Amino acid sequence: MKTIHDSSLDEWFLTGTPLSQAAHQQAINTAQQTIETHFSTANKPFSGIQAEELSNLLEDDVICPEEGVPLATTLHEVGQKVLRHSVAVHHPACAAHLHCPPLIPALAGEMMVSATNQSMDSWDQSPSATLLEERMVQWLCKTFGFSHQADGVFTSGGTQSNFMGLLLARDHYAWTRFGWNIQKRGLPPEAREMRILCSEAAHFTVKQSAALLGLGEEAVVTIKTDEDHRMNLEDFNQKLSHLYGEGLHPFVIAATAGTTDFGSIDPLPELASRAHALGLWLHVDAAYGGALMLSNTYKKQLQGIEAAHSITVDFHKLFYQPISCGAFLVNDQNHFNRIKQNADYLNSTEDEALGIPNLVGKSIQTTRRFDALKLYISLRSLGRARFADMIEKTIEIATKTAQLISKDPVLQAINPTPSLNTVVFRYLPNSQHSELSDSQWHDQINHDIRHTLLASGDVVLANTKVKGRVCLKLTLLNPRTTMKDIEFILERIKETGKQRELPRGEWGQHASNISATSNHAKLL
Ligand SMILES: *Cc1c(COP(=O)(O)O)cnc(C)c1O
């Protein structure tokens, strides 16, 4: 029997007809040209536009007109208004966060992911995608030193992966310790006594997860860090014995392999042996540092991670993937049973008895993107050695940057020997403020430097606080960054700091001139 398609919508949906494919090609070409125009004109990491002006600009266009506007017009407008005022993640002076330039192979992968639109929840929506994701997960488990019992799932990123780690740890403890099934019965009476241990440098999503898991932020016990921002084992031992002394229930250690500000790696082997001796779950948040597994030089820093119960790893950071792409791994596939649901329409028990793989049971998402594909294409086309080179290069640049900062009399390095590729430092003003204390004045200047540079569009860098004091932070994860770029960035920071030190009236004038006087072309 021949089926008759309605071809009147072929210009809007990608199908096998020539009309549809021509429309697709034209749309993709226009989008590609718009993107390339943006990249070739963005000679600064940001246009510097203020929120109010940008908001007015965007309000000009009706979101859902009665009759549509030609696609080319819409794409062109988006180029003019949206892309133009995006941050240019490929630019070496875009160095604030763990926000990477995406690899070209991954961009090609994204097109395939979107065009085929497989959904990872059930086999009948993603047959080859299901199997390829499973293969990727097996590869990851092996890379992190897990056994054949291990399993995992792709996630939207570290936030979701950390949440899943603490969720499984909570449910595992309640079952093994109290014989209480949280999935069925909700929180056990002892829930108020359950405690999560992490360092004070752990990611904020540990606290966020504790809140979402019904344990409350106060269930998180933060352990002091040493001078290298790693979890201090003495304080860990003390806090833990205190918790046991109080009759409380510590159940998970949330260690970090690559803290967001300092890239510091908690002492994993020591934490693993404590976790195993005491029956605690060890979750390792390697969202940032997990990529070190690709480097023969640096992977030993993650030693001990193979003894974790669960691992968070992000690919939209040091694996250079377009957002979003992450994974959550567990050392035993049975742990996923604690969150599993069977929906008759999706993954019926009858189908599962036949061995049909439906990944929905391992995820807290239902409809889910095939993000594993872009990572697969990237790893396969670049190869491990090139990935390792890129990562190692960024660590080298960060180390040299910290050395430059240490030698500079107006800058102070907070981490003179970076463990990964972040550099935290302060601008040291030469002057005093008539109304502020010295520390307030230093904080104010370091805060203003970042905002002034963002408004000039010249440098996108971050602020963070160390021991309550405002600092500047560069996250140097772009492997294309050179020391010339670094010199430019530090020069702009010092210039901006110096101008900020001028008396009030003069400062205002200089601030508005900063953008005009700086030499953006230097960076290109
Ligand atoms: C980025 C990061 C997270 C959060 O991950 P998202 O992918 O942004 O959700 C968690 N932990 C660490 C250490 C991170 O660097």
Side-chain angles (χ1 to χ4, degrees), residues 87 89 95-102 106 140 144 152-167 169 196-213 217 220 222-223 225 228-231 252-268 271 282-293 301-302 305 308 310-329 363-365 368-369 371-372 374-375 391 394-395 398 415 418-424 462 464 473-478:
V87 289
V89 291
H97 303 287
L98 286 162
H99 189 184
C100 66
L140 285 165
F144 281 96
V153 69
F154 273 69
T155 63
S156 62
T159 304
Q160 190 183 346
S161 299
N162 282 347
F163 175 77
M164 289 184 78
L166 297 174
L167 168 68
I196 295 166
L197 295 142
C198 68
S199 93
E200 58 194 8
H203 198 262
F204 76 87
T205 50
V206 173
K207 274 209 172 111
Q208 182 193 55
S209 300
L212 295 174
L213 289 167
E217 287 179 12
V220 178
T222 48
I223 313 293
T225 48
D228 292 327
H229 309 278
R230 295 151 42 97
M231 197 189 284
V252 60
I253 305 171
T256 315
T259 58
T260 311
D261 277 347
F262 290 103
S264 45
I265 298 168
D266 287 337
L268 301 178
L271 292 173
L282 177 63
H283 174 72
V284 179
D285 177 357
Y288 176 15
L292 293 185
M293 285 318 274
Q301 293 193 16
L302 295 187
I305 201 166
S310 56
I311 298 173
T312 288
V313 57
D314 264 359
F315 307 113
H316 52 218
K317 290 174 178 168
L318 273 186
F319 283 83
Y320 306 107
Q321 295 302 296
I323 296 161
S324 60
C325 198
F328 171 69
L329 309 175
S363 181
I364 56 171
Q365 289 172 262
R368 187 162 61 82
R369 285 169 53 84
D371 288 313
K374 61 202 186 195
L375 180 64
I391 295 161
T394 63
I395 299 175
N415 61 337
S419 21
L420 284 172
N421 42 32
T422 55
V423 185
V424 182
T464 190
K473 177 171 88 164
L474 290 170
T475 306
L476 300 168
L477 86 174
N478 186 340

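Counting starts at 1 for both ligands and their atoms, in listed order. Nothing here was measured: the structure is a model prediction, and the numbers come from that model.
Ser209 places no side-chain N or O within 3.5 Å of a backbone atom of Leu166 that could act as its donor or acceptor partner. Although no hydrogens or angles enter the test, the distance criterion places no donor-acceptor pair under 3.5 Å between the side chain of Gln208 and the main chain of Phe204.
Some N or O of Asp314 is nearer than 3.5 Å to an N or O of ligand 1, by distance alone. Residue Tyr288 places no N or O, backbone or side chain, under 3.5 Å from any N or O of ligand 1. Taking distance alone, with nitrogen or oxygen atoms compared against 3.5 Å, Thr259 stays at or beyond that limit from ligand 1. Looking at Asp285 next to ligand 1, an N or O pair under 3.5 Å apart turns up.
Inspection of the His316 and Ser324 side chains reveals no N or O donor paired with an N or O acceptor under 3.5 Å.
Residue Lys473 places its NZ atom among more than 12 non-hydrogen atoms of other residues, nucleotides or ligands, all under 6.0 Å distant.
Close contacts between ligand 1 and Gly258 involve ligand atoms 13 (C) [criterion: under 4.0 Å to a heavy atom]. Every atom of ligand 1 is numbered from 1 in the order shown, and the set under 4.0 Å from a heavy atom of Gly157 is 7 (O), 9 (O). Near Ala287, meaning under 4.0 Å from one of its heavy atoms, ligand 1 places the atoms 2 (C), 11 (N), 12 (C), 14 (C). Under a 4.0 Å criterion applied to the non-hydrogen atoms of Gly158, ligand 1 contributes the atoms 4 (C), 5 (O), 6 (P), 7 (O), 9 (O). Every atom of ligand 1 is numbered from 1 in the order shown, and the set under 4.0 Å from a heavy atom of Asn162 is 10 (C), 11 (N).
Under the 4.0 angstrom criterion for non-hydrogen atoms, His316 is in contact with ligand 1.
In terms of heavy-atom proximity, Cys198 sits nearest to Val220 at SG-CG1, 3.6 Å. The nearest pair of heavy atoms linking His99 to Leu477 is O-CD2, 3.7 Å.
Between Phe154 and Phe315, the ring centre distance stays below 6.0 Å.
For atom 9 (O) of ligand 1, the choice among Leu98, Thr260, Thr159 with the nearest heavy atom turns out to be Thr159.
Scanning all protein heavy atoms for the shortest distance to atom 14 (C) of ligand 1 gives Lys317 NZ, 2.9 Å. Of the protein's non-hydrogen atoms, the one nearest atom 4 (C) of ligand 1 is His203 CE1, 3.5 Å.
The side-chain heavy atoms of Thr225 and Ser264, taken from C-beta on, include no pair separated by under 4.5 Å.
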Would Arg369 and Asp371 satisfy salt bridge (Lys or Arg N to Asp or Glu O under 4.0 Å), going step by step from the backbone distance to the final call? CA-CA 5 Å; Arg369 285 169 53 84; Asp371 288 313; 3.0 Å; yes
